[in-house]
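Lettering follows sequence order; numbering is per chain, from 1. Only heavy atoms go into these numbers, but all of them, side chains included; no hydrogens, no water, no symmetry mates. Since we're looking at a predicted model, the values are computed, not measured.
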Amino acid sequence: MSALLTQFVTEGRDLLEQASSALLELERNPGDTSRLDALFRAVHTIKGASGLFDFLPFTRTVHAGEDLMDAIRAGDVAFTPELADLILEMLDRVSGWLDDLADSGALGPGAEAQGDSLSARLRERIGGAQEAPVEPTNGVGTCVEASWHRVLYRPHEAVFFSGGDPLRMALSTPELRSVSLLMPETIPAVDSYDPFLVAVGMELLSSAPLAVLEEHFRYVVDQVEILAELAPQSPPPQHGAVNMGDEMLGVAQALITSQQRLIACPEHKEIRAPSLASAQQVLARVAAHLPDAPTGHDLGGAPLQAEALDALAAQLLQSLAPPQAAPMAAEADVSPLNETTASEDPVTEAPASLEAAPRKSAVLRVDAERIDQLMNLTGELIVAKNAMPFLARKAEEIEGARELLREIKTQYDMLNRITEELQSAVMQIRMVPVGSVLGRFNRLVRDLSRKLGKQIDLRTTGEETEADKTVVEELADPLVHLIRNAIDHGFEPPQDRRAAGKPEVGTLRLHAFQRDDSVVIEVADDGRGIDLVRVKAKALERGVVDADTLERMSDDAALQLILAPGLSTKEEISDLSGRGVGMDVVASMVRRLGGAVLVESTPGAGTTVRITLPLSMAVQRLMMIEVDRNLFGIPIDTVVESQKIPTARIRRHRDSEMFVLRDRMIPLVRLRRVFGLPGVAGEETVNVMVVNVDGNEIGLAVDRFHPGVDTIVKPLSGLLAQTSGYAGTALLGDGSVLLALDLPEILECHLN
Amino acid sequence: MPLELSPGRAVLADHVEIHEAETLLEWLRETDDPVVDVGPCSSMHLAVLQVLVLAKPRLEGVTGARDWRALLAPPHVFQPNV
């Protein structure tokens with residue numbers, strides 16, 4: 001895929017996001033014109049950029065959408081929820097096409113038909129008469145910006161050596177209307193020409209504001225000249241002598257006026273004649289396209305003098321523009337921009353105020369893959385660093401290597417410090433606000449609540465809370481489940497809410513905040529709450545717990561049973577949450593990310609589900625334990641303490657063993673048994689690592705304790721992907737592989 | 001391969017980078033009545049474009065092009081569909 005297309009897809013996605021959030025806001029406050037403008041702008045920019053490529057169905061559809069929004073802006077069409085549905089459908093379609101473009105560089109099959117039907121439906125709303133085909137030859141622009149800009153871009157001869165590509169820069173100009181190559185005065189001979197020197201220039205016409213263009217060309221500011229240009233007015237047909245679209249009209253005007261400038265320019269004698277010849281040639285070509293241009297034949301003949309050419313150009317201008325527009329075009333054109341900014345013209349003042357504070361971009365847009373690569377390399381550096389203690393141990397065994405040993409240790413300390421700093425710096429780069437995920441749910445909530453006939457107000461707080469990019473990305477799926485659950489099961493239908501004395505509009509709160517090294521996301525509804533009696537009954541019926549255990553459970557603990565697999569208290573199966581895809585999926589997703597889920601609920605008042613996730617998942621500190629000469633890792637945040645428990649203090653109750661530690665009864669899980677290894681006979685004490693799994697303390701009986709280690713845990717893949725009991729593998733400094741234990745699964749293994 | 005050369009005919013595909021400009025120019029210098037097909041080309045560096053517009057080989061895939069390829073043939077003007 002070309003770099004230009006990649007850029008188009010990335011920016012297109014951003015713009016779509018902006019458009020849909022503006023649309024949803026607009027739906028909430030239909031009178032908010034600033035949202036309507038934002039929506040229009042986003043769609044307009046996508047349309048403009050799509051014109052660079054030959055994706056006609058794409059451009060046509062977005063164009064129809066833009067026209068519809070323009071009609072809404074003008075008050076010709078009323079904004080209704082149905083209209084919003086249609087615009088959302090268009091945004092979805094465009095998003096689908098962007099995915100196609102990202103995958104294959106072309107629109108998917110059937111794009112033509114999809115685009116036709118969608119744009120027809122969009123145009124239907126405006127009243128089909130305004131149909132405006134997007135053929136470049138007769139495109140009728142509907143937007144009437146008052147000022148355009150012409151950019152003369154003459155790249156330095158040696159610009160290629162600094163890695164620049166002026167063509168790419170030119171083609172990605174915002175709201176580009178036209179590009180023409182400016183050929184060199186003398187065409188170099190093919191035999192002597194150096195391909196690595198820039199020979200051509202470009203003249204661009206854009207409808208973007210000055211500030212945007214200055215931003216775009218900020219690195220080549222010395223190579224461009226930006227001039228104000230009067231935008232083509234929508235010509236009232238009875239005025240225009242020429243039947244041509246205002247796009248083309250604008251280009252023709254621009255071409256003629258630029259020739260006038262060339263003619264008026266006092267240049268060196270030796271290039272005066274070629275300049276005039278060139279101007280004459282261009283004017284002749286323009287005249288050839290004007291059926292009733294009075295001067296076409298004059299231009300085609302012998303070289304004309306400057307005055308004659310200028311007069312002919314003025315005549316041409318008049319013949320193609322409404323009488324009052326022509327002098328304005330000429331006027332606006334001849335003065336370079338820095339002079340016009342001070343004028344009273346209200347249109348040029350807006351960009352001028354922007355110009356006063358030039359935006360220095362301190363933010364880099366970097367491909368996520370590069371950051372991932374940096375993270376991976378940092379991870380590998382950490383692993384490599386971990387090799388040094390092994391090296392030190394080897395040095396210890398060598399006679400007379402004390403000096404070497406001390407040096408290794410000093411070097412290790414330094415390397416350790418640097419890698420830690422590097423790691424935290426990379427982590428900082430990867431931190432993104434969770435708002436990027438939370439913002440997406442407006443659409444989901446809107447669609448679901450409309451479908452179910454419930455009115456729900458989504459309130460999002462703490463969007464600025466930051467977490468690692470992977471964490472934020474992985475958050476999306478569990479949250480979608482939770483929100484669906486809340487809307488489907490949590491909120492009562494409006495009549496029930498009224499009967500219960502609650503406001504008809506339910507409130508769904510998404511709240512994000514940081515606590516210690518974790519990011520916490522709460523999904524809270526003010527619906528009916530969870531029926532604990534039914535949860536308990538279901539849990540018994542499905543055999544999730546036995547009656548004894550259930551008896552002893554606190555209400556809070558019993559509530560967490562809804563996270564167990566196979567437990568859904570809603571009898572009927574809706575097409576939203578579906579069958580069997582319930583809270584257990586959320587719980588397992590979150591656990592896989594090293595987080596935890598907690599459910600709180602008050603009958604009649606609502607339910608809150610709290611997801612706690614580590615801020616970063618890339619580098620994990622594991623505690624190493626040894627079982628039968630094999631090393632295993634346990635996430636350090638689950639470790640409570642390590643103890644040597646005398647065998648005599650271990651009590652048996654039926655099949656299970658437990659011990660009392662500071663007045664707490666802690667069940668003992670012998671890892672040797674879990675792994676199917678023979679036990680160790682006759683030991684006096686047992687090494688126990690007390691860990692906290694989902695709020696319960698468990699003692700793991702191990703052979704030996706080992707120090708903690710920083711690792712990157714990679715999930716099991718390939719043939720091993722289905723192996724239960726392990727969270728993944730990590731590479732140790734000596735090159736051996738450490739298996740990281742998945743404690744909830746180990747526990748399940750033990751219980752069965 | 002972004003640049004495929006065969007006797008008398010060059011085919012440009014995908015994105016043609018700056019370093020291909022020299023190879024292309026060499027080939028254009030050596031070839032009588034060269035034909036360059038830019039049909040499969042999605043984008044090219046200005047250096048490559050320059051070689052094509054200055055050396056003026058016969059071009060294929062340009063006539064009727066509604067994208068940037070319109071720049072390759074006189075009058076070297078491209079108007080995006082707006």
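Between Met202(A) and Leu46(B) the shortest side-chain heavy-atom distance falls below 4.5 Å. Annotation: side chain of His76(B) is not in contact with side chain of Ser180(A) (no heavy-atom distance under 4.5 Å). Within the 4.5 Å cutoff, no side-chain heavy atoms of Leu181(A) are placed close to those of Phe78(B).
Looking at Phe55(A), neither its backbone nor its side chain comes within 4.5 Å of chain B, counting heavy atoms on both sides. With a 4.5 Å cut-off on non-hydrogen atoms, Leu205(A) does not touch chain B at all. Both the backbone and the side chain of Leu54(B) come within contact range of chain A, with heavy atoms under 4.5 Å apart. Of the atoms belonging to Met169(A), not a single heavy atom falls under 4.5 Å from chain B. The part of Leu49(B) that comes within reach of chain A is its side chain, from C-beta onward, which places non-hydrogen atoms under 4.5 angstrom from that chain.
Your options are Leu28(B), Leu25(B), Asp67(B), Val51(B), and the one with the most heavy-atom pairs under 4.5 Å with chain A is Leu25(B). In terms of heavy-atom pairs under 4.5 angstrom with chain B, the leader among Pro155(A), Pro184(A), Ser178(A) is Ser178(A). Heavy-atom pairs under 4.5 Å with chain B were tallied for Asp194(A), Val198(A), Val159(A), Leu171(A); the largest tally goes to Val198(A). Ranking Leu24(B), Leu71(B), Val48(B) against chain A, the residue ahead of the rest is Leu71(B), based on heavy-atom pairs under 4.5 Å.
For Tyr193(A), the side chain to side chain donor-acceptor pair (under 3.5 Å) partners at least two apart in sequence or on another chain are Gln50(B).
Separating the CD atom in Glu17(B) from the CG atom in Asp165(A) is a distance of 7.5 Å, to the nearest 0.5 Å.
Between Ala21(B) and Pro195(A), the shortest heavy-atom contact is CB-CB, 4.3 Å.
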